[in-house]
Amino acid sequence: MEQGLVETMLTILNTSNTSGTAGNDNPDDKKSAYELIKFFDEMPGGFFIYRADEEEKILYVNNAVLRIFGCSDRNEFNKLTGGTFKGLVYTDDLQAVEDSIAEQIKNSIYDFDYVEYRILCKDGAIRWIEDYGHYIKSKSAGGVFYVFIGDATEKRRAGIVERKNMLRQVKKSRDRLSAVIKEYDKELSLMNREHLRRLEVIEGLGANYESILYVELNKNSLVPYRQSERSMCLFEKSNEPSVFSDCIKRYIDKWVYPEEREQMRRQMSAEYICFRLTSEKAYSVNYRILDEDSIQYLQMRVVNVSPDGSAAQAVIGFRRIDEEILRETEHRDMLESMLKKAQKASEAKNTFISNMSHDMRTPLNAIFGFAELAKRHSDGNAKVIEYMDRIEESGRELLDLIDKVLELSWAESAQMGLNESRCVVSDIVAEVYKTMLPYSSKNNILWTVNCPPQADRCVYADREKLKHLLTHLADNAVKYTLNGGKAELSVEVSEIGGSFAEYKFIVKDNGIGISKESIGHIFEPFERERNTTSSGISGAGLGLTIAAAIVDLMGGTIATESELGKGSTFTVTLKLKKADEIRAEKAESENSMAKLLESRILIVEDNEVNLEIESEILSGLGFDVDTAENGAEAVEKIRNSDHGEYAVILMDIQMPVMDGRQAARQIRQLADPQLAQIPIIALSANALEHDRQLSAESGMNAHLGKPIDVPLLLETMEKVI
Ligand code: ADP
């Protein structure tokens with residue numbers, strides 16, 4: 001705005017405000033000034049001028065200002081505002097507005113200012129104003145402010161809403177963020193707790209370990225987690241990696257017991273640990289250390305902690321195990337002494353059983369012998385023969401019981417071993433067949449055996465035990481089959497490659513069968529489905545226990561199938577080693593009996609009754625019998641005999657002066673080789689396998705138990721001569 005025009009306008013304004021007379025006489029200026037005022041009045045935006053003095057009197061307001069304040073004319077406006085700038089600004093904002101204007105004008109080269117403030121309208125409403133001021137020095141009115149104002153209420157309201165929205169957004173984001181932070185904090189605290197828990201677990205589990213090391217085997221580095229006083233100076237500070245091999249070397253050289261150092265150097269090397277950890281998750285090594293001249297026992301426990309299944313990282317713990325070693329030693333000593341006691345008790349039991357069996361066999365020998373003799377001298381008296389048969393039958397049952405108790409006690413003493421030799425399965429089966437034949441025919445049972453050609457092959461087996469085993473099963477099959485029934489022993493052979501063949505021995509009957517409840521117990525000692533009284537079948541419940549013990553010893557299996565009233569099948573499966581040659585045909589010994597009958601038999605026996613019985617029986621069979629009362633007498637008789645005078649010696653074992661084995665040894669050492677080779681058969685009430693072995697070792701050809709089984713004796717005599 002041109003300065004001159006403004007002056008005129010101000011003069012006009014001043015005049016109109018005071019005297020109503022314009023001070024400027026220039027009519028053009030006046031006109032222009034009026035037009036200017038008119039222009040201001042018609043402007044859409046507010047415009048006013050006030051004096052820049054203490055009072056701040058408003059010199060001019062245009063119509064737009066009146067509209068903003070809701071005043072219909074200037075009088076109303078003056079009434080509302082007092083006609084001053086001070087009165088125009090809302091009281092609460094005034095001070096800040098004036099300070100801001102003064103500050104802006106002071107710093108502005110163009111004397112401009114901009115302020116925002118509230119005003120109080122006529123209707124009592126508060127509105128926001130934007131104020132663009134321009135300070136001007138006027139000649140007529142002094143310093144004045146030209147002020148352009150606009151109603152900023154809506155803009156401000158919109159701004160507030162926008163800010164509010166923004167704030168809401170910010171708040172929302174902040175809430176979201178704080179929720180995330182909260183969640184994160186929660187997780188962190190869980191992780192911390194878990195971490196602490198793990199540390200506690202490690203502490204707990206590692207409580208016994210005086211040192212714990214974390215080792216990176218692939219990097220040859222270690223970090224001590226816990227250290228003992230012993231390792232402190234060697235493994236450097238906790239949580240700092242050191243060179244594994246160096247630390248271990250220092251440790252071994254300083255602490256490990258000198259004799260074990262070399263071994264520990266190997267076992268504590270990274271290569272060795274890696275090697276062990278590739279096949280094991282963890283392992284321990286016990287060793288000794290020397291601490292101030294005292295030996296301590298330590299254990300190194302190595303655990304693979306590699307996350308990828310390799311053996312790159314390990315945790316190694318060291319702990320004292322002196323107490324454990326002490327306990328272990330005590331425990332071992334205790335077990336050893338218990339074992340010794342148990343062995344002693346078992347030996348005592350075996351000795352007792354074997355003595356008892358010996359002592360029972362001796363009178364039984366007399367019973368059988370005299371029964372046999374009584375029958376021979378019965379002059380055909382049927383009653384006497386029948387009674388004698390009954391006596392023999394009962395005696396045999398008693399003998400069977402003695403045999404089984406003895407055999408079981410022997411098996412339980414764990415002294416039973418295998419005595420393998422070349423033998424033919426079909427021969428053994430034939431022997432079992434023969435043994436069972438008298439019983440089966442007596443009870444009218446069809447008893448058969450069935451062997452394939454492969455069973456004629458030579459195998460390595462414990463002949464006697466296999467025969468025993470099959471006899472026990474065959475005995476049951478015949479015993480538990482009713483009159484007119486069937487029992488069969490069959491053999492199946494299958495090749496399994498290599499030098500072994502699989503033999504199945506199947507003992508099948510159509511007898512009384514076994515109930516489901518009993519079948520699980522029949523292999524236990526003294527277990528019988530029905531006792532002798534209720535079944536009428538005698539037995540001790542030991543046959544299957546012994547059979548199972550033999551199968552076990554031979555490394556085989558035994559299976560049972562049975563149905564009450566229908567019969568039973570026992571299947572024994574054994575792997576037997578094949579011997580290369582096919583069975584040699586049995587040498588026929590037709591001449592042997594003739595030879596026996598031509599020569600003499602020397603019976604060596606101290607027990608008078610036995611001597612009488614044995615002599616009587618053999619003489620009764622047509623043999624020429626000579627006797628000796630002890631071993632020494634027998635040796636002398638043989639030494640002084642002619643070649644072929646004695647065909648065989650039947651030697652008792654326990655005798656005064658010289659026992660049977662010693663006598664056998666001396667005979668084998670006789671200078672005359674022919675006399676030294678005379679066959680000797682031990683006849684003893686000691687019927688254990690161990691006794692058989694001792695007889696064989698002393699040079700005897702066979703060992704038979706007492707009481708004498710006459711057919712078996714004859715068969716054996718035929719075999720040995
Ligand atoms: P024992 O025949 O002396 O009683 P074992 O140990 O040989 O003793 O047999 C135990 C029990 O198993 C017998 O009492 C019998 O009840 C049952 N048992 C064994 N074999 C047979 C079989 N072939 N048929 C029926 N029952 C059998």
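We count ligands from 1, going down the list as the structure has it; atoms in each ligand are counted the same way.
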#### Entry: Polar atom proximity, Ile512 to ligand 1 (N or O, under 3.5 Å)
no

### Task
Please verify whether a non-hydrogen atom of Gly511 lies at under 4.0 Å from ligand 1.
no

### Query
Should the proximity of Leu473 to ligand 1, defined as any heavy atom under 4.0 Å, be assigned to the side chain, the backbone, both, or neither?
neither

### Query
By number and element, which atoms of ligand 1 are closer than 4.0 Å to a non-hydrogen atom of Ile514?
18 (N), 25 (C), 26 (N), 27 (C)

### Message
Check Arg463 with Glu431, please: is the shortest side-chain N to carboxylate O separation under 4.0 Å?
### Response
yes

### Message
Strictly below 4.0 Å, N to O, side chains only: are Glu616 and Arg376 in salt-bridge contact?
### Response
no

### Query
Looking only at non-hydrogen atoms, which of Asp400, Leu564, Asn476 approaches atom 7 (O) of ligand 1 most closely?
Asn476

### Message
Tell me whether ligand 1 is touched by His472 - counting only heavy atoms on the residue side and a distance under 4.0 Å.
### Response
no

Which atom pairs, one a donor and one an acceptor, fall under 3.5 Å between side chains of residues 495-506 and the rest of the protein, sequence neighbours left out?
residue, atom, partner, partner atom, Å
Glu495, OE1, Lys578, NZ, 2.8
Glu495, OE2, Arg457, NH1, 3.4
Glu495, OE2, Arg457, NH2, 3.0

### Atoms of ligand 1, numbered as shown, that sit under 4.0 Å from any heavy atom of Gly543
5 (P), 6 (O), 7 (O), 8 (O)

### Task
Assess whether salt bridge (Lys or Arg N to Asp or Glu O under 4.0 Å) is satisfied between Glu386 and Arg390, documenting all intermediate values.
CA-CA 6 Å; Glu386 189 198 327; Arg390 292 253 183 102; 3.1 Å; yes

### Task
Would you mind listing which atoms of ligand 1 come within a distance below 4.0 Å of any non-hydrogen atom of Lys479?
1 (P), 2 (O), 3 (O)

### Task
Answer yes or no: are there more than 12 heavy-atom neighbours, outside Tyr439 itself, under 6.0 Å from its atom OH?
no

### Query
Do any nitrogen or oxygen atoms of Thr545 lie less than 3.5 angstrom from nitrogen or oxygen atoms of ligand 1?
no

Return all side-chain donor-acceptor pairs below 3.5 angstrom for residues 549-558, not counting sequence neighbours, or 'none' if the list is empty.
none

### Query
So which heavy atom on Leu473 is nearest to which on Ala547, and how close?
CD2-CB, 4.4 Å

## Note on the structure
For Leu544, the atoms of ligand 1 under 4.0 Å from one of its heavy atoms are 5 (P), 6 (O), 7 (O), 9 (O), 12 (O), 19 (C)

### Query
So is Phe570 in contact with ligand 1, going by heavy-atom distances below 4.0 Å?
yes

### Query
Which of these, Val625, Asn610, Asp626, sits in a side chain to side chain contact (heavy atoms under 4.5 Å, CB included) with Ser615?
Val625

